[in-house]
Amino acid sequence: MTAVHEAPPAPPGEPDAPEKQPLRRRVREVLHANPVLGPAAVLLLSVVVFSVGSDRFLDPTNISLIVQQVAVVGVLALGQTLIILTAGIDLSVGAIMVLSSIVMANLSAEAGLPGPVALLAGFATGLFCGLVNGFLVTRLKLPPFIVTLGSLNVFFALNLWLSGSATVRGSDMSPWLLVMGETFPVLGARFTLGSVVLLLTCLVLAYALRQTGWGRHVYAIGDDREAARLSGIRVDRMLLSVYAVAGLVYGLAAWVLIGRISAASPQAGIDDNLNSITAVVLGGTSLFGGRGAIVGTLVGALIVGVFRNGLTLVGVDALWQNFAVGILVIVAVSIDQWIRKPA
């Protein structure tokens with residue numbers, strides 16, 4: 001009788017064959033490691049859908065219009081990204097931008113100061129407002145939401161007081177303040193210098209976040225503030241610097257805004273607080289901090305611009321455009337929650 005030889009059993013703790021990770025888990029890991037991947041896919045899909053839906057969508061004139069429309073909110077959203085990466089939020093971004101623009105315009109049109117001096121004063125205004133927010137958050141230990149909700153009203157009131165609720169016309173200002181509205185041709189389309197500033201600001205902040213110790217500390221604070229403190233990071237000083245840099249970026253957005261509308265209006269950018277947050281969230285930055293990328297915010301701003309423009313071209317009412325963007329935000333936050341869920 002022939003003996004049957006059985007294979008020895010696998011040692012305890014070692015599986016017979018390596019198990020494959022579920023597809024859902026692998027997708028989640030890829031999205032967690034590459035936060036820009038999802039927004040980029042959404043942007044590409046949107047462009048394809050709207051180009052099929054309207055033969056005017058890919059027209060060079062329309063493309064340049066989209067880029068011009070997102071320039072102001074895009075720059076604002078870059079500053080907002082820095083705050084959200086630290087697990088904070090800034091509701092005063094639009095008010096700071098408009099206040100800075102009014103300071104620039106009044107010093108140029110009313111006080112007669114040279115354009116470069118007026119610009120520097122506007123940037124200093126944004127920087128100062130950011131420092132005020134940062135001081136209240138770091139020294140008084142107040143929640144960023146409450147601080148910036150209060151400063152939103154304070155800065156907006158100052159804006160109305162300084163301007164007298166009157167718009168300053170571009171013809172009364174120095175040409176320096178209007179230069180961001182100048183256009184130049186690229187492949188049949190025309191782009192503004194404000195769009196170039198948006199791209200350059202994105203590149204500078206992306207480098208700072210990814211290639212410097214300052215940027216790594218920003219991510220560390222957003223991921224776990226207490227762990228960052230225990231590792232030797234001076235959390236309060238870092239947060240103050242983040243709010244200051246964000247304020248300076250809002251001042252830059254004020255310059256882009258004046259060039260965009262060829263005026264300084266106290267009512268401009270009234271909805272840009274929420275629009276900037278929308279761009280950041282759609283760009284893949286987590287509202288809980290510690291995860292995201294500046295480039296993703298640029299993509300998020302373009303998603304909003306493409307959606308609004310594309311829906312307009314196919315005849316969708318503005319009411320339903322807001323509805324669609326709102327749904328996009330809810331979906332983006334839901335995906336972020338899913339990505340952050342432990343395996």
Side-chain angles (χ1 to χ4, degrees), residues 69-84 88-111 118-138 140 142-170 172-173 177 180 194 240 242-281 301 304 322:
Q69 288 174 336
V70 304
V72 176
V73 172
V75 176
L76 273 183
L78 296 179
Q80 180 78 260
T81 304
L82 299 176
I83 306 296
I84 292 180
I89 198 163
D90 193 346
L91 300 178
S92 66
V93 293
I96 294 176
M97 174 184 70
V98 176
L99 178 60
S100 299
S101 72
I102 291 297
V103 169
M104 291 178 184
N106 279 353
L107 288 177
S108 176
E110 303 294 334
L119 281 174
L120 290 175
F123 297 155
T125 300
L127 176 64
F128 176 76
C129 292
L131 284 170
V132 169
N133 283 339
F135 178 84
L136 294 174
V137 169
T138 58
L140 300 186
L142 299 177
F145 180 89
I146 300 300
V147 166
T148 57
L149 180 61
S151 63
L152 160 65
N153 293 285
V154 171
F155 297 147
F156 188 67
L158 287 174
N159 155 45
L160 293 177
W161 174 67
L162 284 174
S163 65
S165 299
T167 297
V168 182
R169 296 176 303 176
D172 296 331
M173 303 180 208
L177 272 66
M180 288 295 110
L240 189 61
V242 168
Y243 279 89
V245 172
L248 187 58
V249 173
Y250 305 153
L252 186 60
W255 191 16
V256 177
L257 175 65
I258 292 176
R260 169 73 179 141
I261 65 176
S262 295
S265 170
Q267 302 296 332
I270 213 162
D271 296 323
D272 285 344
N273 302 318
L274 296 179
N275 289 337
S276 68
I277 297 172
T278 299
V280 174
V281 171
V304 176
N322 292 331

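Atom set for the values below is all heavy atoms of this structure, side chains included, hydrogens, waters and symmetry mates excluded.
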For [X] versus [Y], what's the shortest heavy-atom pair and its separation?
| X | Y | result |
| --- | --- | --- |
| V93 | S276 | CG2-OG, 3.5 Å |
| L152 | L91 | CD1-O, 3.8 Å |
| A77 | A279 | CB-CB, 3.8 Å |
| A264 | I102 | O-CD1, 3.8 Å |
| C129 | L99 | SG-CD2, 3.9 Å |
| L127 | A244 | CD1-O, 3.4 Å |

Task: Residues that T138 engages under side-chain contact (heavy atoms from CB on, under 4.5 Å), provided they are two or more places apart - done: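 In terms of side-chain contact (heavy atoms from CB on, under 4.5 Å), with neighbours along the sequence ignored, T138 is linked to D236, L239, L240.
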Task: With sequence neighbours excluded, residues passing side-chain contact (heavy atoms from CB on, under 4.5 Å) with V242 - done: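 For V242, the residues satisfying side-chain contact (heavy atoms from CB on, under 4.5 Å) (neighbours in sequence not counted) are L82, I83, T86, W214, V218.
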When rounded to the nearest 0.5 angstrom, what is the spacing between [atom1] in [X] and [atom2] in [Y]?
| X | Y | atom1 | atom2 | answer |
| --- | --- | --- | --- | --- |
| M180 | L257 | CE | CG | 12.5 Å |
| L119 | I258 | CG | CD1 | 7.5 Å |
| F135 | L142 | CZ | CG | 10.0 Å |
| M173 | S101 | CE | OG | 8.0 Å |
| S262 | R169 | OG | CZ | 12.5 Å |

So, the side chain of [X] versus the backbone of [Y]: is there a donor-acceptor pair under 3.5 Å, distance only?
| X | Y | value |
| --- | --- | --- |
| S108 | M104 | no |
| N153 | L149 | yes |
| N273 | G94 | yes |

Task: Test item: side-chain donor near acceptor, T148 and N133, under 3.5 Å - done: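 No - no donor-acceptor pair under 3.5 Å links their side chains.
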Open item on the list: Can you see whether Y243 engages D90 through a side-chain donor-acceptor pair at a distance of less than 3.5 angstrom?
Closed with: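 No pair is found: no donor N or O on one side chain lies under 3.5 Å from an acceptor on the other.
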Are [X] and [Y] packed together at the side-chain level, in the sense that at least one heavy-atom pair is separated by less than 4.5 angstrom?
| X | Y | answer |
| --- | --- | --- |
| V304 | V70 | no |
| L252 | W255 | yes |
| N275 | D272 | yes |
| I89 | Q80 | yes |
| S100 | I96 | yes |

TODO: Decide yes or no on side chain to side chain contact (heavy atoms under 4.5 Å, CB included) for V72 and M97, but give the supporting numbers first.
DONE: CA-CA 10 Å; V72 176; M97 174 184 70; 3.6 Å; yes
Report all side-chain donor-acceptor pairs from residues 157-167 shorter than 3.5 Å, counting only partners two or more places apart or in another chain.
from	atom 1	to	atom 2	distance (Å)
N159	ND2	P266	O	3.0
S163	OG	N159	O	2.8
S163	OG	L160	O	3.4
S163	OG	S165	N	3.1

